[in-house]
Amino acid sequence: MSDIQRAPKGTFDRLPPDSAAYLAARDALVAPLLTAGYGYVETPVFEETAVFSRGVGESTDVVSKEMYTFADRGGRSLTLRPEFTAGVMRAFIEHRLYAGALPAKLWTVGSAFRYERPQAGRYRHFTQVSVEALGVDDPALDAELVALADAGFRGLGLTDYDLQLTSLGDATCRPQYRDLLVAFLAGLDLDEDTRQRAAINPLRVLDDKRPEVQAQLADAPLMVDHLSDTTKAHYDAVRQHLSDLGVTWVEAPRLVRGLDYYTKTTFEFVHRGLGAQASIGGGGRYDGLSAALGGPDLSGIGYAVGVDRTILAAQAEGLDIPVTGGTEVFVVHLGEEAKRFAVRLVGQLRAAGVAADTVYGGRGLKGAMKAADRSGAARVVVVGDRDLAEGVAQVKTMATGEQVAVPLGELAESLRASV
RNA sequence: GUGGGUGUAGCUCAGCUGGUAGAGCGCCAGGUUGUGAUCCUGGAUGUCGCGGGUUCGAGUCCCGUCACUCACCCCA
């Protein structure tokens, strides 16, 4: 197959009927936000490159090697968003939302792009639900966000996952801890790659998956043991609120995130039924981000959920994602007069809010019934010129095979009432 | 960017030590000129990923290449 007959590497098409589960999953992840005071925000799919390089951090893998960056015809450097938070923060600053009521509680959903080697659950084009609460540094807000993410997963029936939680400290205590860790890592026997990684961000070495590395890290200093009094108090309060909200978590003192802006509370939802890309959602507080983008020195907290990974997780748990919609009434016709009638009836039903469909293209009655069956409609109207002459149409209940003649005048109302 | 695995029908796959392609499902049609799902019968669709090599002969062996996939890394 040639390249123009194939979606680009790391991308995929969503097709019916599976696409219905995608819509349902997306809506389920969003549902908790709609009853929690969050407003929908939509920002461009691309931003000025600096929004991400300064927001996410130059030293991150995302910025240094995974961005889709291009020059437009006006010579601007633009980048397809690799995540949502930086763009939403840019909008928050641009429209001076910080001058209004705080926290600004915002959510969005859409495509993000990263140039990565594709893998199970990792795509170059993926979909996230992203949620932010900006402008207020209150541990109760941290707990709210975590609980909302959790509620989204629970709403789909997911249970086989862990909520990993930790605190990454802040500008007052992380630098000292970082120095401690760097000193500790210097005494270890690490390969060149890992040393490079340590030089860029020593915290990342902590979650190295290789056993020979983990063995050396047994006595590594941990951020949670070196929090300042205020960040520790913040973290304690977050945990208290989470308990009050009935959310369970596991302490993950080695949890590291790849975006530089995270501070204090940091969390990740890790599913046990997935492969290497097991993180179905994650987020944290990012108190320096607004300032990094030239805005006021305001705090923020947010999370992102991977819609595609959430669907994979649901599949791994054998969950059916309930889909809404689908054809309720299917109209099968025989003869020219009946076809006109069918087209008209379908129009009436749809106008009355009944999901209706009919058969197009000349196929026999058997083929039309097959199409009716496939549509999933509970009721099928069979109407031929012969029925019209008698002033009736046949209404068949597919599950039972039972079929009754209904006078044309009562047909639309009878069908509307039956679905 | 680095490794491993796999490329045969729309889908899932079979095809032994080389002898010019198969099954199941799906699709279409007929059995039933006005009835789906069940049953029976029939039918269509393949440059066996692509290019080269070895051979009388390659889906099968060799080389290259591309794609997909899993893992490292990173993250949703």
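Proteins get letters first, then strands, A, B, ... in listed order; numbering begins at 1 in each.
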Exercise. Could you check whether Asp387(A) gets within reach of a base, just the sugar-phosphate, or nothing at all, counting any heavy atom under 4.0 Å?
Key: base
Quiz item: On a whole-Å scale, what distance lies between the C1' atoms belonging to rU60(B) and rA21(B)?
Solution: 12 Å
Exercise. Would you indicate, yes or no, if rC74(B) has its OP1 or OP2 atom less than 4.0 angstrom from a side-chain nitrogen or oxygen of Gln277(A)?
Key: no
Practice problem: Examine the base of rG31(B) for any acceptor or donor lying under 3.5 Å from a partner atom in the side chain of Lys366(A), and report the outcome as yes or no. | Solution: yes
Quiz item: Taking OP1 and OP2 of rA71(B), is either one under 4.0 Å from a side-chain nitrogen or oxygen of Gln119(A)?
Solution: yes
Quiz item: In residues 368-382 of chain A, what residues come within less than 4.0 Å of RNA chain B, judged by heavy atoms?
Solution: Met369(A), Lys370(A), Asp373(A), Arg374(A), Val382(A)
Quiz item: When all nucleic acid strands are considered with a 4.0 Å heavy-atom cut-off, which category describes Arg386(A): base, sugar-phosphate, or nothing?
Solution: base
Quiz item: So what does Gly275(A) hit on the nucleic acid, given a heavy-atom distance under 4.0 Å: a base, only sugar-phosphate, or nothing?
Solution: sugar-phosphate
Practice problem: Give one of base, sugar-phosphate or nothing for Leu365(A), where a contact means two heavy atoms less than 4.0 Å apart. | Solution: base
Exercise. Sticking with atom C1', work out how far rU45(B) lies from rA23(B), rounded to a whole angstrom.
Key: 16 Å
Quiz item: Between Lys9(A) and rC68(B), does any side-chain N or O lie under 4.0 Å from OP1 or OP2?
Solution: yes
Quiz item: Under a cut-off of 3.5 Å for both distances of each Watson-Crick or G-U pair, what dot-bracket string does RNA chain B give, using [ ] for crossing pairs and | for inter-strand pairs?
Solution: (((((((..((((.....[..)))).(((((.......))))).....(((((..]....))))))))))))....
Quiz item: Does the base of rU35(B) carry an N or O that pairs as donor and acceptor with the side chain of Gln403(A) under 3.5 Å?
Solution: yes
Self-check item: Length of the line joining Arg117(A):CZ and rC73(B):C1', which is rounded to integer Å
Solution: 11 Å
Self-check item: Sugar-phosphate only, base, or nothing, as touched by Glu83(A) at under 4.0 Å among non-hydrogen atoms
Solution: nothing
